[in-house]
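The model shown is predicted, which means the values in this text are computed figures rather than measured ones. The figures that follow rest on heavy atoms only: side chains count, while hydrogens, waters and symmetry mates do not. Lettering follows sequence order; numbering is per chain, from 1.
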Number of protein chains: 2
Amino acid sequence: MVENSKLNIRLARIDDEKIVMDITEKTGFFRPVEMDIAREVFVDAALAKPACTYQSYVAEIQGSGARDQDSGIADNRRVAGWVCFGLTPCTLGTFDIYWIVVDASLHRQGIGRALLSFAHEEIKKQQGRLMVIETSGTSKYEPTQSFYLKNGFFLAGRIPEFYAPGDDKLIYLKIV
Amino acid sequence: MVENSKLNIRLARIDDEKIVMDITEKTGFFRPVEMDIAREVFVDAALAKPACTYQSYVAEIQGSGARDQDSGIADNRRVAGWVCFGLTPCTLGTFDIYWIVVDASLHRQGIGRALLSFAHEEIKKQQGRLMVIETSGTSKYEPTQSFYLKNGFFLAGRIPEFYAPGDDKLIYLKIV
């Protein structure tokens, strides 16, 4: 587990784009078309485009001492994950967790849980009633599905073949 | 019923915005925030904004002879309804029917069915597999719910309290 004192969650900035997209891609969970959407969402949120409802945060680990490949400068903060959520259009108080990703080399260390818990607190502050997460029902996503269940979400629905043939959509909810 | 020969379905244009928004608002089904989204969707599609996935069509009735309030010119075409659909992001071949509205004074004349059937044919041409419609589970929407069932959709899920307290989301599907 990463100690809480070493984990910092802050608003995502446009200069986080490369590392966040690298982390997202390296999870191996997203198709190219999904990566395009992840990038669009990330950039829209980071630039705070008008009418953008996305709220986008990164988790960074402090004191890693990783050296930047391009600049050679030792950086004592390393972006380890990303969460993006927002008020679901046409709803009163329902928030979607659109994206949550953690660096594949840092899984099972509580970073995902910390990001989700952070989103929950933010949503509560914004008078959110309900959190929704949608994910794939394929076996590849079983760790993801378990992660939501372990974090207090319940399965509210399954939409057959939604994402692709043989790829159902699961809808998880959590009361805020 | 409006005779098929009198009903024409064509791409929505930006100069249809006022009549389509009037029709949408006068159904009495949408909150102001939903009207804002309807307008945004309509305009984005009509202007074919980059990366816009919306496909937006109006049904017009010919030969109504209605006189334009501003110009006084008799117009023999009257916009009677609107449908907006598109490929659901992050899916292969799933299409959402985002909006379908018919002039409240012209309900039960087959215009909604014609718009839905048109969307189905277009989606089929685009190799769509699945159509999705989401709507409210409140009793006010019972005619809407019946309309989807009568048109071959089935209820695939109900997300409790999704739109607002006491206002579930129903998810209807139809195989293309």
Side-chain angles (χ1 to χ4, degrees), chain A residues 24 29-41 43-44 49-53 87-96 98-99 127-138 141 153-176, chain B residues 24 29-41 43-44 49-53 87-96 98-99 127-138 141 153-176:
Chain A
T24 305
F29 275 93
F30 304 106
R31 288 188 278 264
V33 64
E34 291 172 307
M35 285 303 305
D36 292 346
I37 291 170
R39 187 180 301 275
E40 188 186 321
V41 164
V43 169
D44 282 4
K49 291 222 176 147
C52 178
T53 59
L87 182 64
T88 311
C90 296
T91 71
L92 300 177
T94 295
F95 282 73
D96 256 279
Y98 294 110
W99 295 88
Q127 280 75 52
R129 291 180 300 109
L130 188 67
M131 292 191 291
V132 181
I133 297 187
E134 300 180 339
T135 198
S136 166
T138 56
Y141 283 79
F153 283 76
F154 65 93
L155 183 61
R158 170 185 287 268
I159 308 301
E161 315 255 308
F162 182 85
Y163 290 114
D167 190 350
D168 299 350
K169 174 163 88 173
L170 304 183
I171 303 167
Y172 291 91
L173 300 183
K174 186 175 183 177
I175 311 292
V176 174
Chain B
T24 304
F29 275 94
F30 304 106
R31 286 188 280 263
V33 64
E34 291 171 307
M35 286 302 305
D36 291 345
I37 291 171
R39 186 181 301 274
E40 188 186 320
V41 164
V43 169
D44 282 4
K49 290 224 176 147
C52 179
T53 60
L87 182 63
T88 312
C90 296
T91 72
L92 301 177
T94 295
F95 282 72
D96 257 278
Y98 294 110
W99 295 88
Q127 280 75 52
R129 292 180 300 109
L130 188 65
M131 292 191 292
V132 182
I133 298 187
E134 299 179 340
T135 197
S136 165
T138 56
Y141 283 79
F153 284 76
F154 65 93
L155 182 62
R158 171 186 286 267
I159 309 301
E161 315 255 309
F162 182 86
Y163 290 115
D167 189 350
D168 299 351
K169 174 164 88 173
L170 304 183
I171 303 167
Y172 290 91
L173 300 182
K174 186 176 184 178
I175 312 291
V176 175

Original post:
If you count heavy-atom pairs under 4.5 Å with chain A, which of Glu34(B), Glu40(B), Arg129(B), Arg31(B) comes out on top?
Top reply: Arg129(B)
**OP:** Could you pull out the closest heavy-atom pair between Ala164(A) and Leu92(B), with the gap in Å?
**Re:** CB-CD1, 3.8 Å
Original post:
Under the side chain to side chain donor-acceptor pair (under 3.5 Å) test, which residues partner Arg39(B), sequence neighbours left out?
Top reply: Glu17(B)
Original post:
Which pair of heavy atoms, one from Glu161(A) and one from Thr94(B), lies closest together, and at what distance?
Top reply: O-OG1, 4.0 Å
Original post:
Residues two or more places apart in sequence or in another chain: which of them pass side chain to side chain donor-acceptor pair (under 3.5 Å) with Thr138(A)?
Top reply: Ser136(A)
**OP:** Would you confirm whether Thr91(B), through its side chain, and Phe162(A), through its main-chain N or O, come within 3.5 Å as a donor-acceptor pair?
**Re:** no
Original post:
Applying a criterion of heavy atom separation less than 4.5 Å, what residues of residues 165-176 of chain B form contacts with chain A?
Top reply: Pro165(B), Ile171(B), Leu173(B)
Original post:
Who among Cys90(A), Ala156(A), Gly157(A), Pro89(A) has the most heavy-atom pairs with chain B under 4.5 Å?
Top reply: Cys90(A)
**OP:** Output the option from Ile37(A), Thr88(A), Asp36(A), Val33(A) having the highest count of non-hydrogen pairs under 4.5 Å with chain B.
**Re:** Ile37(A)
Original post:
By ring-ring contact (aromatic ring centres under 6.0 Å, His included), which residues pair with Phe154(B), not counting sequence neighbours?
Top reply: none
